[in-house]
Student: 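Attaching a single structure in structure tokens format; questions to follow.
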Amino acid sequence: MAARNKVLRRGENESDHGVVQSSAKLTDRHLEVLEAAGALFAERGFAATSIRDIGEKVGLLGGSLYHYIKSKEALFVKVHDMALQMGEDRIRAAIEGVEDPWRRLEVACVTMLDIQLDPNSLTLPLMNDFQSVPPPVREKLILKRDAFEALFTDLVNALPLDPVLDRSVYRLLLLTLLNKVAGWYRAGRLSPEDIARQIVAIFHHPAK
């Protein structure tokens, strides 16, 4: 099997090229297990996906599968964390070299919605399954989410905002809105990029 640079694809035409970058420490077989788990978690959710389901999808059962994973919980955390890392990497790559702080925020939001609204992406389904995982697993997911949101903390802190606005509230409202678009978006009059630009325009409150 040829070495792959990215894993966790839901389909061959995924526009974000998967949501997880491979690691030199992972074998192709291990990456295959991660891809299968990510697809099943996204399709069925954490609770409805069993270790047996994952094993059957990759042709591994019993002890052979546990050579690659410790538990379903640990596997979900790994897939979730790697998905968010890929999203963060895409956003950082998109804003690299963009100096104007408002433009940087706009590019970040456009990229985030491109990920969120891609029907083949695993990022949104995995994030939306947050409440169904056991509390100890949820605590681990929060750590990675906080690290991801730190990117937007930096972007918001760099804005020349009207001082009447609280930057923490501003960031939370912005992220909440971006994360909710998938619930109502339908392809048609406005593209994901158009919507992202509209959101940033609404949030554009520079210091006077």
Side-chain angles (χ1 to χ4, degrees), residues 5-8 14-23 42 77 79-131 138-208:
N5 291 325
K6 300 177 180 71
V7 298
L8 291 190
E14 184 171 15
S15 63
D16 68 357
H17 308 295
V19 293
V20 181
Q21 291 182 318
S22 67
S23 166
V77 171
V79 170
H80 171 277
D81 287 0
M82 295 176 77
L84 281 187
Q85 186 61 55
M86 183 60 180
E88 180 181 342
D89 290 346
R90 280 193 60 188
I91 294 172
R92 289 191 182 280
I95 65 176
E96 184 176 1
V98 180
E99 296 185 0
D100 178 78
W102 289 107
R103 176 60 180 156
R104 282 172 64 84
L105 181 66
E106 181 181 271
V107 171
C109 291
V110 167
T111 305
M112 185 166 176
L113 274 196
D114 185 49
I115 296 170
Q116 297 280 49
L117 299 180
D118 177 1
N120 291 316
S121 176
L122 304 183
T123 307
L124 187 61
L126 291 175
M127 292 179 68
N128 285 345
D129 208 24
F130 183 73
Q131 296 298 330
R138 201 176 307 150
E139 291 175 5
K140 294 180 180 179
L141 302 183
I142 289 173
L143 292 175
K144 186 60 181 178
R145 294 195 180 196
D146 287 347
F148 174 82
E149 291 185 8
L151 168 59
F152 278 85
T153 298
D154 292 340
L155 289 168
V156 171
N157 285 343
L159 295 174
L161 273 180
D162 187 327
V164 73
L165 298 175
D166 182 282
R167 292 177 187 268
S168 293
V169 173
Y170 181 100
R171 172 181 54 82
L172 290 171
L173 289 174
L174 176 61
L175 286 172
T176 298
L177 182 54
L178 288 170
N179 286 326
K180 294 295 184 181
V181 170
W184 54 261
Y185 174 74
R186 298 294 181 272
R189 186 170 63 88
L190 296 177
S191 69
E193 181 176 351
D194 293 331
I195 293 173
R197 295 185 190 282
Q198 287 287 314
I199 291 172
V200 175
I202 292 169
F203 275 74
H204 189 269
H205 297 284
K208 299 178 181 178

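It should be emphasised that the depicted structure is a prediction, and the values quoted were computed from it without experimental measurement.
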Student: Over all heavy atoms of both residues, which pair between A108 and L155 is shortest? Give the atoms and the distance, please.
Tutor: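 Residues A108 and L155, closest heavy atoms: CB-CD1, 3.5 Å.
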Student: Under the salt bridge (Lys or Arg N to Asp or Glu O under 4.0 Å) rule, collect the residues that match up with R104, sequence neighbours excluded.
Tutor: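 Counting only residues at least two positions away or on another chain, R104 forms no salt bridge (Lys or Arg N to Asp or Glu O under 4.0 Å).
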Student: Without swapping roles, check the side chain of N179 against the backbone of L175 for a donor-acceptor pair under 3.5 Å.
Tutor: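 Such a contact is found between N179 side chain and L175 backbone.
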Student: Could E88 and R92 be called an ion pair, given the rule that one side-chain N must be under 4.0 Å from one carboxylate O?
Tutor: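 Answer for the salt bridge query: yes.
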Student: Among pairs that include at least one residue of residues 149-173, which meet ring pair (Phe, Tyr, Trp, His ring centres under 6.0 Å), considering only residues two or more places apart or in two chains?
Tutor: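 Output for this query lists Y170-F203.
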Student: Could you report the tightest heavy-atom contact between V98 and R103, atom names first, then the distance?
Tutor: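 Reported closest heavy-atom pair: CG1-CG, 3.4 Å.
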Student: Determine the minimum heavy-atom distance between P192 and Y185, stating which atoms define it.
Tutor: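 Heavy atoms only, the tightest pair is CD-OH, 3.3 Å.
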Student: side-chain contact (heavy atoms from CB on, under 4.5 Å) for T111 and I95? Distances and angles first, verdict last.
Tutor: CA-CA 9 Å; T111 305; I95 65 176; 6.0 Å; no
Student: Can you tell me which residue pairs pass the salt bridge (Lys or Arg N to Asp or Glu O under 4.0 Å) test with a partner in residues 177-202, sequence neighbours excluded?
Tutor: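 Matches after skipping sequence neighbours: E106-R197, E193-R197.
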Student: Considering all heavy atoms of both residues, which atom of C109 and which atom of L178 are nearest to each other, and what is their separation?
Tutor: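 For C109 and L178, the tightest heavy-atom pair comes out as SG-CD1, 3.8 Å.
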Student: Which heavy atom of P163 sits nearest a heavy atom of A207, and at what distance?
Tutor: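 Minimum heavy-atom contact is CD-CB, 4.3 Å.
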Student: If you take all heavy atoms of Q116 and A182, which pair is closest and at what distance?
Tutor: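 Q116 and A182 have their closest heavy atoms at O-CB, 4.4 Å.
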Student: Sorted by first residue and then second, give each ring pair (Phe, Tyr, Trp, His ring centres under 6.0 Å) pair with at least one member in residues 91-117; sequence neighbours left out.
Tutor: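 Ring pair (Phe, Tyr, Trp, His ring centres under 6.0 Å) check on residues 91-117 returns W102-H204.
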Student: Side chains of Q85 and D89: is there a donor and an acceptor less than 3.5 Å apart?
Tutor: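 On atom types as modelled, these side chains qualify, holding a pair under 3.5 Å.
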Student: Does the side chain of L174 come within less than 4.5 Å of L105's, by heavy atoms?
Tutor: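 SC-SC contact between L105 and L174 confirmed.
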Student: Looking at side-chain heavy atoms only, is the closest gap between V181 and I199 below 4.5 Å?
Tutor: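 They are in contact (side-chain heavy atoms under 4.5 Å apart), so the answer is yes.
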Student: Do any N or O atoms from the side chain of D166 and from the backbone of V169 form a donor-acceptor pair under 3.5 angstrom?
Tutor: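 Side chain of D166 to backbone of V169, a donor-acceptor pair under 3.5 Å: yes, one is there.
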Student: With sequence neighbours left out, which residue pairs that include part of residues 138-160 fulfil the salt bridge (Lys or Arg N to Asp or Glu O under 4.0 Å) condition?
Tutor: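 Residue pairs passing salt bridge (Lys or Arg N to Asp or Glu O under 4.0 Å), neighbours aside: E149-R171.
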Student: Rounded to the nearest 0.5 Å, how far does CG of D114 lie from CD1 of I195?
Tutor: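 I195 atom CD1 to D114 atom CG measures 12.0 Å (nearest 0.5 Å).
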Student: What distance do I202 atom CD1 and L173 atom CG have between them, rounded to the nearest 0.5 Å?
Tutor: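 So the gap between those two atoms works out to 12.0 Å.
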Student: For residues V77 and D81, determine if any side-chain heavy atom of one lies less than 4.5 Å from a side-chain heavy atom of the other.
Tutor: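 Touching, per the 4.5 Å side-chain cut-off.
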Student: Between I115 and M86, is a side-chain contact (heavy atoms from CB on, under 4.5 Å) present by the stated rule, with each step listed?
Tutor: CA-CA 10 Å; I115 296 170; M86 183 60 180; over 6 Å; no
Student: Suppose we screen for ring-ring contact (aromatic ring centres under 6.0 Å, His included). Which residues come up paired with H205, at least two apart in sequence or across chains?
Tutor: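 In terms of ring-ring contact (aromatic ring centres under 6.0 Å, His included), with neighbours along the sequence ignored, H205 is linked to no residue.
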Student: Roughly how far, to the nearest 0.5 Å, is the OG atom of S191 from the CG atom of L113?
Tutor: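 With rounding to 0.5 Å, CG (L113) is 9.5 Å from OG (S191).
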